[in-house]
Colleague: 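Structure in structure tokens, see below.
Side chains included, hydrogens not; waters and symmetry mates left out as well; all remaining heavy atoms used.
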Number of protein chains: 2
Amino acid sequence: MKVKEMAELSGVSVRTLHHYNDIGLLVPEEVTEAGYRIYSDKNLEVLQQILFFKELGLPLEKIKEIMHNPSFDRREALLMQRDTLYSKRERLDEVIRTIEKTIQELKGEIQMSNREKFTGFDFGHNPYEEEARERWGDQVVDESEEKVKKMTGYDQEKFNEIFRELALIRGVSPESEIAQEKIDIWYHYLNEVGNYSPHAFEGLGHMYVNDERFTENIDQFGEGLAEFMYNAMSVYAERKKN
Amino acid sequence: MKVKEMAELSGVSVRTLHHYNDIGLLVPEEVTEAGYRIYSDKNLEVLQQILFFKELGLPLEKIKEIMHNPSFDRREALLMQRDTLYSKRERLDEVIRTIEKTIQELKGEIQMSNREKFTGFDFGHNPYEEEARERWGDQVVDESEEKVKKMTGYDQEKFNEIFRELALIRGVSPESEIAQEKIDIWYHYLNEVGNYSPHAFEGLGHMYVNDERFTENIDQFGEGLAEFMYNAMSVYAERKKN
DNA sequence: TATAAAGTATCCCGTAGCGGTAGGGTCAAC
DNA sequence: GTTGACCCTACCGCTACGGGATACTTTATA
């Protein structure tokens, strides 16, 4: 289906779909010769998922991060979103209670403390965001750490070597041959210990710069290595897809 | 109390209070010599009111408009906000139902149409905004129209004259003496038929540019008259307050 | 089959509602 | 009389699009 149909079905605007395409959050399954975006049912499903996350107040960047995460699982996501929506409803109920009380106070029936007048409003730190991060961000980190712990001495050495070598060349362009060669080694190493599609590989790279626990660990091999790897991994994944 | 206390009590940030001050939404009762904002309990109450409106998704500009409206009434506002919050809860419940269904579908228990997958999400047209506008915006317009209808022939003539004269000078600066003189006439005329504080007067001017029904009517006397009057009325009200 | 109407594309600028920081006063306490 | 907590005013930045301009493509209709 084309943009308009997609927009009408889901209720979002065409412009929004364009935007989601621009930032890489929802990329149409296909693009015609003329440049028309063609969406699939799968795309529609992903959009629904995105909207659930949005309902929880997550920023698009976070949503992208979560959904690109290699260990992202739809079932789990839906269950978590459901739970979180229930929390949101509870919060809304609190606001309603607050307003009911305020009305009563106005009638002179009861009294309220200044604090009470503001129970239920949510500002600053978004609790849903926390929850989502714990559920996915941390999961990848934990898995990663576990794998590192389980490494044999040989693996350890190989792992360190790859990072050291990458750190040495982190000044070059991420598209350069040398960079792509080293990243290729990293990709194949990862696929020895796990299973990473180019897409998942890119997602992992994204976390290198987005989750500070990754960033810190990686940058121990050299300042800026995480970012360099992310860039190089993106390029690599993109080429691998074609 | 000073900003920080205010912020802590209500849960909003200090920066937010600054912002509300900047846009004229919540102006502290008092300002010390040193420029410190001092808020009163009344201010706190207004802030609560603002937050209720915000919870309904109203843009700050609209909130300002509504609360500056001469016929704004706190009791009525609270009742309306309560009702609207209940609608919001119903909408949230729909989203929750949608997600529950989606989970069921994933388990293969039921099937969903594409449309169903998006029931509950709210985009574009904000229904709460509508409701609020009907409740206040329209009220002022209606009152205005009623007054116009009740006018005697003499009043009609005077009314038209004022507008024609204002239209003639609408190119000059709103602060200029001539503009302020004519606006003074308008102010006093209004206070013959009704009761307008400088504050309410400013609110009225605000509606001239913000409600198209006003704008259209006024601009019949000359293109851009509504905006000119709004500006001149703001200046006038500001001076009148001091 | 031509032509109009509808749909789509890519810029690109604009906006709301603050967050955050810099650079600099102020006030109570010790 | 200095320290530390608090306050101020800019000012820049960000997100998630909205909306318009301009140009191409597709579909409907005459």
Colleague: Between atom CD in A/Glu61 and atom C1' in D/dG13, what is the gap in whole Å?
Modeller: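 Interatomic distance, CD of A/Glu61 to C1' of D/dG13: 16 Å.
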Colleague: Figure out the NZ/C1' separation between B/Lys2 and D/dC8, and round it to whole Å.
Modeller: 12 Å
Colleague: Does the side chain of A/Lys4 get closer than 4.0 angstrom to OP1 or OP2 of C/dG7 through an N or O atom?
Modeller: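 So the side chain of A/Lys4 is within the cut-off, an N or O lying under 4.0 Å from OP1 or OP2 of C/dG7.
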Colleague: Given D/dG18, is OP1 or OP2 found less than 4.0 Å from the side-chain N or O atoms of A/Thr16?
Modeller: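 Answer yes for this pair, as a side-chain N or O of A/Thr16 is under 4.0 Å from OP1 or OP2.
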Colleague: In whole angstrom, what separates A/Leu17's CG from D/dA16's P?
Modeller: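 For the pair A/Leu17 CG and D/dA16 P, the rounded distance is 15 Å.
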Colleague: Of all residues at least two apart in sequence or in a different chain, which pass the side-chain contact (heavy atoms from CB on, under 4.5 Å) check with A/Arg82?
Modeller: A/Leu79, A/Tyr86, B/Ile99, B/Glu100, B/Ile103
Colleague: Given C/dC18, is OP1 or OP2 found less than 4.0 Å from the side-chain N or O atoms of B/Ser13?
Modeller: no
Colleague: Go through the structure and list residues passing side chain to side chain donor-acceptor pair (under 3.5 Å) with A/Thr119, not counting sequence neighbours.
Modeller: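 A/Thr98.
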Colleague: Quick one: the side chain of B/Arg15 and the base of C/dG17, do they pair up donor-acceptor inside 3.5 Å?
Modeller: no
Colleague: Return the value, rounded to whole Å, for the distance between atom CD of A/Glu5 and atom C1' of D/dT27.
Modeller: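 Spelled out: CD on A/Glu5 to C1' on D/dT27 is 15 Å.
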Colleague: Side-chain N or O of A/Lys54 versus OP1/OP2 of D/dC17: is the shortest distance under 4.0 Å?
Modeller: yes
Colleague: Is a side-chain donor or acceptor of B/Glu29 paired with a backbone partner of B/Ser40 at a separation under 3.5 angstrom?
Modeller: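 A pair under 3.5 Å: no.
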Colleague: Please work out which residues in residues 18-39 of chain B have a non-hydrogen atom less than 4.0 Å from an atom of DNA chain D and list them by number.
Modeller: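 Heavy-atom contacts with DNA chain D come from B/His18, B/Gly35, B/Tyr36, B/Arg37.
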Colleague: With sequence neighbours left out, write down each residue that passes side chain to side chain donor-acceptor pair (under 3.5 Å) with A/Glu5, or none if nothing qualifies.
Modeller: none
Colleague: Figure out the NZ/C1' separation between B/Lys62 and C/dG17, and round it to whole Å.
Modeller: 17 Å
Colleague: Calculate the interatomic distance between A/Leu58 atom CG and D/dT15 atom P; express it in whole Å.
Modeller: 15 Å
Colleague: Within the side chain of B/Asn43, is there an N or O that forms a donor-acceptor pair under 3.5 Å with the backbone of B/Leu26?
Modeller: no
Colleague: Which residues pass the salt bridge (charged side-chain N to carboxylate O under 4.0 Å, His left out) test with B/Glu116, sequence neighbours left out?
Modeller: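 B/Glu116 satisfies salt bridge (charged side-chain N to carboxylate O under 4.0 Å, His left out) with B/Lys101 once adjacent residues are dropped.
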Colleague: Residues two or more places apart in sequence or in another chain: which of them pass side chain to side chain donor-acceptor pair (under 3.5 Å) with B/Glu175?
Modeller: B/Ser173
Colleague: Regarding A/Val14, tell me which of base, sugar-phosphate or nothing describes its non-hydrogen contacts under 4.0 Å with the strands shown.
Modeller: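 Here A/Val14 touches no strand at all.
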